[in-house]
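Each ligand, and each atom within it, is numbered from 1 in the order the structure gives.
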Amino acid sequence: MAPAPTPASSRHCLVTGGAGFVGSHLVGLLLARGDRVTVVDDLSTGRRANLPASHERLRFIEADLREALHALGKGEVFDEIYHLAAAVGVKLVIADPIRAIETNIEQAAALLRFAIDRPTARGPAPTLITSSSEVYGKGLRSPFREDDDVVYGPTTVSRWSYACAKAIDEHLALAYHSQYSLPAVVVRLFNTVGPRQAGEYGMVLPRFVAAAIEGRPIEVYGDGSQSRCFCDVRDVAPALPRLLGDAACHGRVFNIGAETPITIRRLAETVIETLGSRSPIVHVDYAQAYGSGFEDLAARRPDLTRVREAIGFTPAITLEQTIRDLASSLGATAPLAGSPR
Ligand code: UDP
């Protein structure tokens, strides 16, 4: 028997960057709960194919966010706003820092101003700003807690421009909360991974999985002892509407991620084992990967106490499951064992 159609809610949500990796998973959840959704995405890194080709409650606007907000009719009011549009990925930020800095700051500023200028009957719409674990910079305390001091490298190292831009977005969102009572929530995402993630902008897991599928060498930068905590997007995305829907979370910053660290060398081995790949692991100098003067982080791990207390957030999807599903989304046809090197 066909599943009963989801009853439409009266909510209308705006999702910027909704054709992107995290954004498209969020849009799927909002449509599933019956909302109307408007996506604005310039398809710079997002893909139209990440969203349903047609859906009666989905409107897709391909445009620069600043221009799209300007063009939206005066009567256009949203009940919830999710800002996921951003220039992301270490490689992208290093390749074009001006675009990354301008995009990340100007779009968030335009979006927050829009949220204030277009209030609902109950006041400004709850607005979620996605930030990044990069905001912690190279803080020495581990795990990172939301109120920790942050430590950045010098402005001569372009990597830190992303952290600074995202920190400005956070300052702006919190300032709109205190000056205009905007119900704003800031989330810092830590190494989100999963189906639909693309590797071309630097993210490690899709790069490793794509190489493993094709039997190409898996390139571990540095000695591979650096560690990260990877959290599946299908655990991350449902947390966003839950945080935004809870008034007790407004005006606050939340880490979202997983707490189990894995070294990048071990990650490469896990990808190979999980997919039965014969890819060799090779080590590549940071200078060759990112250009000279690049600073990597030895470890990055979130403290999840706050988000756990707020909404009971506990990631459930294993890394192996994520690797398998990411491989399927990249078009792998199992089994890989026996594939040529
Ligand atoms: N990395 C790697 N090989 C790659 C891409 C990334 O070894 O092909 C490393 C990178 O140097 C970093 C880690 O994997 O130590 C995570 O990189 P990513 O860009 O995914 O996230 P972030 O550095 O922002 O945590």
Side-chain angles (χ1 to χ4, degrees), residues 20-22 45 86-97 100 104 130-139 142-144 150-153 157-167 187-194 196-214 216-233 236 255-272 277 279-302 319 322-323 326 330:
F21 160 54
V22 181
T45 56
V88 291
V90 174
K91 279 200 193 290
L92 193 90
V93 170
I94 289 175
D96 193 350
N104 290 335
T130 43
S131 182
S132 163
S133 56
E134 276 283 312
V135 163
Y136 289 100
K138 47 185 177 179
S142 185
F144 290 146
V150 297
V151 183
Y152 297 150
V157 176
S158 75
R159 169 185 193 136
W160 303 115
S161 65
Y162 182 69
C164 291
K166 283 294 185 182
V187 296
R188 292 183 184 151
L189 303 185
F190 280 69
N191 295 86
T192 309
V193 289
R196 299 183 201 149
Q197 190 173 27
E200 59 255 50
Y201 311 108
M203 282 72 166
V204 68
L205 194 61
R207 294 171 76 79
F208 282 8
V209 169
I213 292 170
E214 292 161 21
R216 286 187 284 110
I218 292 186
E219 295 189 344
V220 170
Y221 301 159
D223 67 4
S225 64
Q226 70 272 33
S227 66
R228 299 290 188 271
C229 301
F230 295 93
C231 189
D232 196 286
V233 65
V236 171
N255 289 338
I256 300 188
E259 284 173 315
T260 315
I262 182 169
T263 67
I264 299 303
R265 170 83 200 187
R266 182 69 202 125
L267 181 72
E269 292 163 355
T270 306
V271 167
I272 288 169
S277 168
S279 287
I281 296 175
V282 297
H283 287 266
V284 173
D285 287 347
Y286 282 118
Q288 198 183 324
Y290 297 115
S292 63
F294 181 78
E295 288 183 69
D296 197 15
L297 300 174
R300 175 190 274 157
R301 188 155 77 91
L319 185 57
T322 301
I323 290 168
L326 179 52
L330 291 174

Side chain, backbone, both or neither: which part of [X] comes within less than 4.0 Å of ligand 1 when only heavy atoms are counted?
{"X": "Gln226", "value": "side chain"}
{"X": "Tyr290", "value": "side chain"}
{"X": "Asn191", "value": "side chain"}

Among Arg300, Lys166, Arg188, find the one that has a salt bridge (Lys or Arg N to Asp or Glu O under 4.0 Å) with Glu134.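 Exactly one pass, corresponding to Arg300.
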[atom]: the protein heavy-atom neighbour that sits closest, reported with distance to 0.1 Å:
{"atom": "atom 19 (O) of ligand 1", "answer": "Gly202 O, 3.5 Å"}
{"atom": "atom 18 (P) of ligand 1", "answer": "Val204 N, 4.0 Å"}
{"atom": "atom 15 (O) of ligand 1", "answer": "Asp296 OD2, 2.6 Å"}
{"atom": "atom 7 (O) of ligand 1", "answer": "Tyr221 N, 2.8 Å"}
{"atom": "atom 3 (N) of ligand 1", "answer": "Glu219 O, 2.8 Å"}
{"atom": "atom 22 (P) of ligand 1", "answer": "Arg300 NH1, 3.4 Å"}
{"atom": "atom 8 (O) of ligand 1", "answer": "Arg207 NE, 2.8 Å"}
{"atom": "atom 13 (C) of ligand 1", "answer": "Ile264 CD1, 3.6 Å"}

Can you confirm whether [X] sits close enough to [Y] that some side-chain heavy atom of one is under 4.5 Å from a side-chain heavy atom of the other?
{"X": "Trp160", "Y": "Val93", "result": "no"}
{"X": "Arg159", "Y": "Asp296", "result": "yes"}
{"X": "Arg228", "Y": "Ile264", "result": "yes"}
{"X": "Met203", "Y": "Val88", "result": "yes"}

Could you pull out the closest heavy-atom pair between Gln226 and Leu297, with the gap in Å? CB-O, 3.5 Å
Which heavy atom of Thr263 sits nearest a heavy atom of Gly224, and at what distance?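 Minimum heavy-atom separation between Thr263 and Gly224: CB-O, 3.4 Å.
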Which atoms from ligand 1 have a heavy atom of Val220 less than 4.0 Å away?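 Atoms satisfying the 4.0 Å criterion: 7 (O).
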Just which atoms of ligand 1 are under 4.0 Å from any heavy atom in Tyr286?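 Those qualifying, in numeric order: 11 (O).
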Of Glu269, His283, Arg266, which is the lone residue that meets side chain to side chain contact (heavy atoms under 4.5 Å, CB included) with Val220?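 Answer after filtering Glu269, His283, Arg266: His283.
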Out of Glu134, Arg228, Met203, who is nearest to atom 23 (O) of ligand 1 when you count heavy atoms only? Arg228
Is any side-chain N of the basic residue among Lys138 and Glu295 closer than 4.0 Å to the acidic one's carboxylate O?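 Answer for the salt bridge query: yes.
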Students often mix this up, so state it plainly: with edges at 30° and 60°, are the rings of Phe144 and Tyr136 parallel, tilted or perpendicular?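 Aromatic pair Phe144/Tyr136 classed parallel.
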Heteroatom distance test (Phe208, ligand 1): nitrogen or oxygen, under 3.5 angstrom: no
